[in-house]
Engineer: 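This is the structure I have questions about; it appears just below.
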Amino acid sequence: VLGSVNFGILSYGLAISAYIETIVRYGTDKTLVRDIVHQEDRIAEIVTVTMILKLFLFFICLCLLLIYIKTCQNGENDLVLWIIIGSSLTAFEAKGAYDATNNIRRHCIYFAGFRSIFFFFIWICIFTNANKLTLEYIGIAMTISVCVYMAVQYKWILNRYSKRIIFKSINNGIWQLLRCNSFVCFAALCALGLTAFNQVILKKYCGADELGVYAAAWQFFWVGNLFILQLSRVGHPILARKLLIDEIRRIELFSFIFKYMAVMVAAILPIALPMIVFPDLIINTFFSQEFSQSITPLRIIGLYLMVISFGVVFSQYIIISRKDKLYMIIVLIFGAISMMLSWFIVPKFQA
């Protein structure tokens, strides 16, 4: 419906919002499960501290974003303002708290509700008047649906554990979170060099049309990543609890990690293999002719999915083991390499 140019601008907005999301999350998407599993008597307090810190960081990012848009004479930034805001608000989700307390199914229902509201707005517009499906409309639909999602999420988790909050320690908790998560947050920003940064560079050197071609193939990465994320939500708290057991044998721990990785790869194969073997069939089925150049990037993205299915397990193990500095160093090195490669490769090979 949007076409490759508008789809490229949409993807550019989502790439920018990825940086804001990462700052607002401040590494809590990777540490919240660990913190709650290791301190189960402070669930609501940890969630409250995390939410307050995110509100503060989001306010700062929003002010800077508005100043940038007002001072920059670029109409595309105005188009994606609501998309950036709506997508950035997803950083507030308390998914880790639901995972650590064995309430994954409840959170999945809330998430499905959030997506259902969003797609209701989109499909109603397409069926009634597709010409009204603008980037601004998509952004406003995203913002409304994510606000409902956050309200429902926090209402349930805080009501259930509110009696355990020690309000006097909230202030100390915020400063502690700022200090303890700094390495993980910085590492997460560096990790965007592997994903969002190359899209910004592609847009800069090759234009929105070429980014739209790449983004069409990248959508299938999110399909595969959905399977990886759901499996990691189950494995993450189990791994955290196993690392709490002092007497667990090393061979038993690594046996679990090996099985965990094998399940990840097995789950992603039905998604990644067709992307590698039949990319032309997939692109021609789901997209119009102007996206035909997405075939080659799709095959490479299929290979990329296979690789990161291993990487998720490794990163969880490192973070749960509280080796945050090691995690930051690893991501910093390879994020920097990826960014340098983007500067050299993107202008020449485009999508």
Side-chain angles (χ1 to χ4, degrees), residues 10-35 46-72 74 76-77 80-97 114 139 142-143 146-147 149-150 153-154 170-171 173-201 203-204 222 225 229 312 315-316 318-319 324-325 327-336 338-339 342:
L10 170 64
S11 301
Y12 173 70
L14 293 174
I16 297 299
S17 71
Y19 281 92
I20 298 176
E21 273 187 74
T22 302
I23 294 169
V24 174
R25 290 183 193 276
Y26 201 72
T28 55
D29 55 319
K30 295 178 170 41
T31 62
L32 192 58
V33 170
R34 177 193 72 188
D35 293 342
I46 292 170
V47 172
T48 304
V49 165
T50 303
M51 180 177 63
I52 293 171
L53 178 61
K54 285 179 177 180
L55 282 168
F56 174 70
L57 293 172
F58 181 74
F59 178 74
I60 293 174
C61 289
L62 184 60
C63 289
L64 292 173
L65 175 66
L66 292 172
I67 291 169
Y68 172 73
I69 287 176
K70 293 300 179 184
T71 56
C72 182
N74 188 341
E76 290 177 358
N77 290 327
V80 296
L81 174 62
W82 280 106
I83 288 167
I84 295 172
I85 292 172
S87 181
S88 300
L89 283 170
T90 58
F92 283 90
E93 67 178 354
K95 184 172 68 175
F114 152 53
M142 193 182 295
T143 303
V146 79
C147 285
Y149 172 49
M150 295 307 159
Q153 249 188 114
Y154 280 100
I170 293 291
N171 188 47
I174 291 171
W175 287 110
Q176 185 179 358
L177 189 61
L178 273 169
R179 187 177 66 256
C180 294
N181 274 32
S182 57
F183 288 116
V184 178
C185 178
F186 184 68
L189 282 168
C190 294
L192 291 176
L194 299 164
T195 53
F197 181 79
N198 54 27
Q199 297 185 38
V200 175
I201 293 297
K203 163 92 167 39
K204 176 180 174 62
W222 294 119
N225 196 49
L229 288 175
V312 169
S315 62
Q316 284 181 357
I318 292 170
I319 291 169
D324 296 351
K325 288 184 181 179
Y327 176 71
M328 185 197 72
I329 291 168
I330 292 170
V331 177
L332 177 61
I333 291 170
F334 290 100
S338 178
M339 290 170 72
S342 293

Engineer: Kindly indicate, with the supporting measurements, whether the criterion side-chain contact (heavy atoms from CB on, under 4.5 Å) is fulfilled by Val24 and Leu89.
Structural biologist: CA-CA 9 Å; Val24 174; Leu89 283 170; over 6 Å; no
Engineer: With rounding to the nearest 0.5 Å, note down the distance linking CZ in Phe197 to CE in Met339.
Structural biologist: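 The CZ atom of Phe197 sits 4.0 Å away from the CE atom of Met339.
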Engineer: Before you tell me yes or no, could you show the steps for Ile60 and Phe56 under side-chain contact (heavy atoms from CB on, under 4.5 Å), namely the whole-Å CA-CA distance, both residues' side-chain angles and the distance that decides it to 0.1 Å?
Structural biologist: CA-CA 7 Å; Ile60 293 174; Phe56 174 70; 3.5 Å; yes
Engineer: Find the distance between OG (Ser87) and CG (Leu10) and round it off to the nearest 0.5 Å.
Structural biologist: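 Taking OG in Ser87 and CG in Leu10, the distance rounds to 9.5 Å.
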Engineer: Would you say the side chain of Val49 lies within less than 4.5 Å of the side chain of Leu53, judging by non-hydrogen atoms?
Structural biologist: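 No, too far: nothing below the 4.5 Å cut-off.
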Engineer: For the pair Tyr327 (side chain) and Ser315 (backbone), establish whether a donor and an acceptor sit closer than 3.5 Å, ignoring hydrogens and angles.
Structural biologist: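 Such a contact is absent between Tyr327 side chain and Ser315 backbone.
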Engineer: Does a side-chain heavy-atom distance below 4.5 Å link Thr90 with Phe114?
Structural biologist: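 Yes, their side chains come closer than 4.5 Å.
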Engineer: Can you check whether Glu93 reaches Arg25 side chain to side chain, under 4.5 Å on heavy atoms?
Structural biologist: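 Yes, side chains in contact.
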Engineer: Are the side chains of Val331 and Leu189 in contact, using a 4.5 Å heavy-atom criterion?
Structural biologist: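 No; the side chains remain at least 4.5 Å from each other.
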Engineer: Looking at side-chain heavy atoms only, is the closest gap between Thr50 and Tyr26 below 4.5 Å?
Structural biologist: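 SC-SC contact between Thr50 and Tyr26 ruled out.
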Engineer: Are the side chains of Tyr68 and Leu64 in touch, meaning some heavy atoms are under 4.5 Å apart?
Structural biologist: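 Not in contact.
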Engineer: Please find the pair of heavy atoms, one from Gly96 and one from Val33, that lie closest to each other, and give the distance.
Structural biologist: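 Answer, listing the atom of Gly96 first, then Val33: O-CG2, 3.5 Å.
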Engineer: Let me confirm one number: the CG-CD distance from Leu14 to Glu21, rounded to the nearest 0.5 Å.
Structural biologist: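 Reported to 0.5 Å precision, the distance equals 8.5 Å.
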Engineer: Can you check whether Val80 reaches Ile16 side chain to side chain, under 4.5 Å on heavy atoms?
Structural biologist: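 No, too far: nothing below the 4.5 Å cut-off.
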Engineer: Which class fits the ring pair Phe92 and Phe58: parallel under 30°, tilted 30 to 60°, perpendicular over 60°?
Structural biologist: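 Phe92 and Phe58: perpendicular rings.
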Engineer: Quick check: do Leu177 and Ile46 have side-chain heavy atoms less than 4.5 Å from each other?
Structural biologist: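 Answer no - side chains too far apart.
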Engineer: Do Ser338 side-chain atoms and Phe334 backbone N/O form a donor-acceptor pair below 3.5 Å?
Structural biologist: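 Flag not set: sc Ser338 to bb Phe334 has no pair under 3.5 Å.
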Engineer: Can you tell me how far SG of Cys185 sits from CE of Met328, rounded to the nearest 0.5 angstrom?
Structural biologist: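 Between atom CE of Met328 and atom SG of Cys185 there are 11.5 Å.
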